[in-house]
Amino acid sequence: MNLRKNVITATMLAIISGSACAAETNAGTLHFTGQIIEPSCTIQGDDGTDSTVPLGTYPTSLFTTTGDESTLVPFSITLADCPLTSDGLAKVQLTFNGPSALTGAATLLDVSKITTDGETAATGVGIAISPDGKDTQLISMDGKEAQVYIDLPDKKGDTIKSDFNARYKSFASKVTAGPADGDLTVNIIYR
């Protein structure tokens, strides 16, 4: 009986190990590829990496209802010294961060009195930005991703850019006079 039990056990082990070997013949290999780069894009501004976009002067009477807008002011964000396009990285992404607590909307930048003289900043109005040609698609100022992508250059030394339009937009039915400056931080994401 012991001999029969040992034979059965040995047979079972042979079947199990044979099944395990059979499973290995269908195995595959994963190849991981990629590249590590220096994120070297720099923003080319009017003054180093900073730029000033003059939006103009408008009377409060232009903003009679919520959603009224001033004239579109075109501007560009230019990037230099970027890595060349590759299979793993064909584009860079821009994100935008700025205060929007007063406007109550992530797509309207708060205005303040940064450089313009005046007692108090204007109220009831914020700064809206949209990609050029997509004026109803307002940029979110809360660091949201997947809004703006720029193709990386093919040749070393080439600059790349993205075009936008900025304007004042009322978020209240009453707009008061005052300085209407705003600061926005632009970040570059490599993904």
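Since the model is a prediction, treat every value here as computed from it, not as a measurement.
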To the nearest 0.5 angstrom, please state how far the [atom1] atom of [X] sits from the [atom2] atom of [Y].
X: S51; Y: L184; atom1: OG; atom2: CG; result: 11.5 Å
X: D142; Y: N97; atom1: CG; atom2: CG; result: 7.5 Å
X: T49; Y: L79; atom1: OG1; atom2: CG; result: 11.5 Å
X: I114; Y: D181; atom1: CD1; atom2: CG; result: 5.5 Å
X: D158; Y: C82; atom1: CG; atom2: SG; result: 10.0 Å
X: Q44; Y: I77; atom1: CD; atom2: CD1; result: 12.5 Å

Query raised in the report: Any side-chain heavy-atom pair from L84 and D154 closer than 4.5 angstrom?
Result: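 The answer is no; the side chains never approach within 4.5 Å.
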Requested in this report: Taking the side chain as every heavy atom from C-beta outward, state whether R167 and D135 have any pair of such atoms under 4.5 Å apart.
Outcome: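 Touching, per the 4.5 Å side-chain cut-off.
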Between [X] and [Y], is there a shared hydrophobic cluster once you connect ILVMFWY residues whose side-chain heavy atoms come closer than 4.5 Å?
X: I139; Y: L109; answer: yes
X: V53; Y: L108; answer: no
X: L62; Y: L72; answer: no
X: L89; Y: I160; answer: yes

How close do [X] and [Y] get, heavy atom to heavy atom, and via which atoms?
X: L138; Y: Q147; answer: O-OE1, 4.2 Å
X: T107; Y: M141; answer: O-CE, 4.0 Å
X: I43; Y: I188; answer: CG1-CD1, 4.0 Å
X: Q137; Y: S130; answer: O-CB, 3.3 Å
X: S162; Y: I150; answer: CB-CD1, 3.7 Å
X: V111; Y: A121; answer: O-CB, 4.0 Å

Within the distance-only criterion (no hydrogens, no angle test), does the side chain of [X] pair as donor or acceptor with the backbone N or O of [Y] below 3.5 angstrom?
X: D81; Y: S40; value: no
X: D68; Y: S170; value: no
X: K174; Y: G124; value: no
X: T103; Y: A105; value: yes
X: D50; Y: G45; value: no
X: T176; Y: T123; value: yes
X: E145; Y: T95; value: no
X: Y168; Y: A180; value: yes

**Report entry** D163-S76 side chain donor-acceptor pair, cut-off 3.5 Å
**Finding:**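 D163 vs S76: donor-acceptor pair found between side chains.
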Query raised in the report: What do you reckon, is CG of D47 surrounded by more than 12 foreign heavy atoms closer than 6.0 Å?
Result: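 Check fails, neighbour count at 12 or below.
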Query raised in the report: Going by the ring pair (Phe, Tyr, Trp, His ring centres under 6.0 Å) test, which pairs reach into residues 109-164, not counting sequence neighbours?
Result: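 Listed by first then second residue: F75-F164, F96-F164.
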